[in-house]
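Take a look at the structure below.
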Amino acid sequence: MRTRAPALTRRQMLRAGGLSLAAMGGLTACGTTTATTPVPTLAPGTDPWRRFAGTTINFISENTAPTAAIAANLQPFTDLTGIRVNIVSLELQALVQRVALDLAGGQAQYDVIYADPYQVLAPYAAGFADLREFAEDPSYPEVEGGFEDFIPTQLEACGTFGDSDAIYALPYDCPTMIWQYRIDIFEKYHERMSADLGFDPTPSGERTWEEYYLIAEWINQNVDEIPYGTGHQAKQHDSLMCDFSNVLWSYGGDYFANGREVGLRGTEDPGPCLLDSEEAVAAAEFYDRLISIAHPGSLGWDWDGVGAALRAGQIAMAPNWHEFAAPNESELPGKVGYAPMPRGPKGTSNHFGGTGIGISATASGVRRGAAWLFVNWATAQQTQLDNLKSTAGGGTPTRTSVYELPEVVAAAERPTELPNMLTAETMSVAWEDEKIGLRPKIPMWNECDTALFTEVSRMLAGQKDPRQAMSDAKNRIDGIVARGWAA
């Protein structure tokens with residue numbers, strides 16, 4: 001759940017730092033750089049967690065819930081390692097610019113980086129260390145459960161780029177869009193709704209988008225206590241791209257050919273945009289109809305707005321990020337349920353918005369090693385469990401083993417003190433290989449994102465029909481990709 005506002009291109013960011021692409025501190029394509037200071041050898045009998053005691057490192061992050069939880073509970077890491085961590089927490093666009101300038105400088109100010117896959121990792125993969133360097137070094141503590149303990153689609157989407165085998169980041173957060181609905185409304189009107197509509201309206205990944213539309217329309221016309229059946233994050237903003245993409249993918253449309261691979265691994269050359277395909281046009285036509293019967297506030301809402309509307313009783317259901325379960329349960333205890341997104345002709349698609357954390361390739365010496373200890377600890381099982389319990393923030397785990405812990409399994413049922421786990425059954429479906437929705441991981445995605453949500457917004461405003469909006473978005477995105485890294 002993060003604002004992917006239009007940002008400067010990679011070349012513009014580097015120019016802001018006074019350097020060209022060619023001057024990025026000696027970074028290579030595989031994401032390594034020659035360390036100016038070697039990491040000290042581990043002395044016999046030394047605790048591998050204590051080898052860098054006395055070191056201070058810097059972690060730059062978006063101001064997300066997991067980072068808020070870690071910032072509120074750093075003492076266990078310092079007690080374990082003797083390492084101090086300074087955390088700089090920013091809005092995402094400010095973070096992207098800071099990271100670009102830092103990498104261009106060639107000497108890391110920030111040792112650990114919140115590596116948004118689209119705005120940071122895709123444009124700057126060469127600026128990250130390959131974490132296999134540390135995981136395969138027996139002088140460091142082992143990665144608990146290995147890389148394979150991370151949910152596979154999340155590890156690829158958050159931690160890899162292109163054809164390289166390198167692991168640039170470990171999954172750190174995992175917000176994903178799912179269907180959220182008022183249990184009490186659906187239970188109260190279940191029989192009437194079923195009789196009138198001719199199908200079971202209970203939300204699930206087996207309901208279609210057309211059925212979702214009919215449910216929303218029925219609630220508009222028949223339910224007094226809730227003004228509108230559905231609401232959406234349809235503001236002219238990154239949130240609109242997120243909301244529309246769920247429909248696009250489920251209808252069989254995509255941004256580029258081999259969309260799943262482009263979303264998982266990423267590429268610098270995705271080829272022609274496919275938004276003018278018949279599948280994409282059909283998705284746009286449906287989305288235009290759907291928003292026309294949604295709460296009119298939808299055109300001004302991002303994810304926070306639609307989440308607040310659901311909790312305020314303005315809408316009976318909405319697609320939104322699963323980590324809104326915590327505020328939902330706080331304000332409407334026991335009244336909000338969760339299901340995978342409705343399906344289109346191709347199936348259900350649930351938009352993934354997760355991010356990893358990695359190490360600057362320009363970090364060296366003890367700070368490089370200390371940064372790895374922090375990345376290892378910050379994504380470890382116990383830390384993820386502590387984050388899940390945190391009252392300061394927290395997220396949901398990215399490790400399979402955490403979901404298998406007895407207390408986490410038990411928390412999936414009410415009453416619960418871990419409300420995000422109420423979505424666990426839904427997330428096990430949403431993260432399946434063919435059901436996770438992955439936007440393109442390409443260096444120029446920021447501009448492409450802006451082109452898409454601008455054209456869809458014009459469609460929703462009645463300025464363009466769906467076919468014209470998709471054609472114009474395709475042409476704009478093709479131009480952006482063709483320019484590549486041009487300023």
Side-chain angles (χ1 to χ4, degrees), residues 176-234 243-253 278-298 306 309-310 313-320 322 328 332 334-351 422-423 425-430 432 434-435 437 459-460 465-467:
T176 304
M177 291 187 75
I178 57 174
W179 184 354
Q180 306 186 18
Y181 63 94
R182 285 286 298 272
I183 296 172
D184 53 334
I185 298 298
F186 275 81
E187 288 181 346
K188 179 177 179 179
Y189 292 97
H190 182 269
E191 290 188 14
R192 282 181 56 193
M193 207 185 309
S194 298
D196 289 351
L197 297 178
F199 60 85
D200 181 354
T202 304
S204 79
E206 293 307 308
R207 297 277 65 78
T208 68
W209 276 111
E210 288 289 349
E211 289 170 340
Y212 183 99
Y213 177 97
L214 293 172
I215 293 168
E217 189 175 49
W218 191 94
I219 293 172
N220 288 353
Q221 298 169 356
N222 295 280
V223 176
D224 293 332
E225 60 265 48
I226 297 282
Y228 286 90
T230 187
H232 293 264
Q233 42 186 272
D243 198 57
F244 171 68
S245 293
N246 294 305
V247 177
L248 173 70
W249 293 320
S250 72
Y251 269 70
E278 290 304 312
E279 294 84 356
V281 171
E285 290 172 344
F286 171 77
Y287 190 74
D288 195 28
R289 283 198 296 120
L290 178 62
I291 301 304
S292 74
I293 66 162
H295 194 298
S298 297
V306 78
L310 181 69
Q314 288 295 302
I315 54 178
M317 59 184 184
N320 208 354
H322 82 279
N328 289 347
L332 291 172
K335 292 185 177 181
V336 181
Y338 306 96
M341 285 293 187
R343 60 182 175 86
K346 190 178 178 182
T348 177
S349 188
N350 304 268
H351 198 145
L422 294 172
T423 68
E425 183 177 352
T426 295
M427 304 322 299
S428 69
V429 174
E432 290 178 8
E434 300 305 319
K435 296 175 182 176
M459 175 188 77
L460 298 178
D465 64 37
R467 186 173 295 277

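Everything quoted here is computed from the prediction, not taken from an experiment.
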Residue pair Ile219, Tyr228: steps toward the side chain to side chain contact (heavy atoms under 4.5 Å, CB included) verdict: CA-CA 6 Å; Ile219 293 172; Tyr228 286 90; over 6 Å; no

Do [X] and [Y] make a side-chain contact, defined as non-hydrogen atoms from C-beta onward lying under 4.5 Å apart?
X	Y	result
Asn222	Arg192	yes
Glu225	Ile185	yes
Phe186	Ile215	yes
Pro340	Trp179	no
Gln233	Met177	yes

Would you say the side chains of Thr230 and His232 form a donor-acceptor pair under 3.5 Å?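 Present: a donor and an acceptor within the cut-off.
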
Quick one about His351 and Asp243 (side-chain donor to acceptor, distance below 3.5 Å, no hydrogens or angles considered), yes or no? no

Distance from [X] atom [atom1] to [Y] atom [atom2], nearest 0.5 Å?
X	Y	atom1	atom2	value
Gln180	Leu332	CD	CG	11.0 Å
Ile293	Gln221	CD1	CD	8.5 Å
Lys435	Ser250	NZ	OG	13.0 Å
Thr176	Met341	OG1	CE	9.5 Å
Asn220	His295	CG	NE2	10.0 Å
Leu460	Ser292	CG	OG	9.5 Å

[X] side chain to [Y] main-chain N or O, any donor-acceptor pair under 3.5 Å?
X	Y	value
Thr426	Tyr338	yes
Trp209	Arg343	no
Asn350	Gly437	no
Thr208	Glu211	yes
Asn328	Val336	no

Salt bridge flag under 4.0 Å for residues [X] and [Y]:
X	Y	result
Glu217	Arg289	no
Glu279	Lys346	no
Asp184	Arg182	yes

Indicate the ring-plane relationship of Phe286 and Tyr251, choosing parallel, tilted or perpendicular according to the 30° and 60° boundaries. parallel

Decide yes or no on side chain to side chain contact (heavy atoms under 4.5 Å, CB included) for His190 and Asp200, but give the supporting numbers first. CA-CA 8 Å; His190 182 269; Asp200 181 354; 3.0 Å; yes

Above 12 or not: heavy atoms from other molecules or residues under 6.0 Å from CD of Glu191?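 No, the 6.0 Å shell around CD holds no more than 12 heavy atoms from other groups.
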
Within 6.0 Å of CD in Glu425, more than 12 heavy atoms from elsewhere: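 Not more than 12 within 6.0 Å, no.
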
So which atom in [X] and which in [Y] form the shortest heavy-atom distance, rounded to 0.1 Å?
X	Y	value
Ile226	Ala316	CG2-N, 3.5 Å
Ser298	Gly231	OG-CA, 3.5 Å
Pro227	Gly313	CD-O, 3.3 Å
Pro201	Ser194	CD-OG, 3.0 Å
Ala318	Val306	CB-CG2, 3.7 Å

Output, in order, the C-alpha distance, side-chain angles, deciding distance and verdict of side chain to side chain contact (heavy atoms under 4.5 Å, CB included) for Tyr287 and Ile291. CA-CA 6 Å; Tyr287 190 74; Ile291 301 304; 3.7 Å; yes

Do Arg207 and Tyr212 meet the cation-pi criteria used here (NZ or CZ under 6.0 Å from the six-membered ring centre, within 45° of the axis)? no

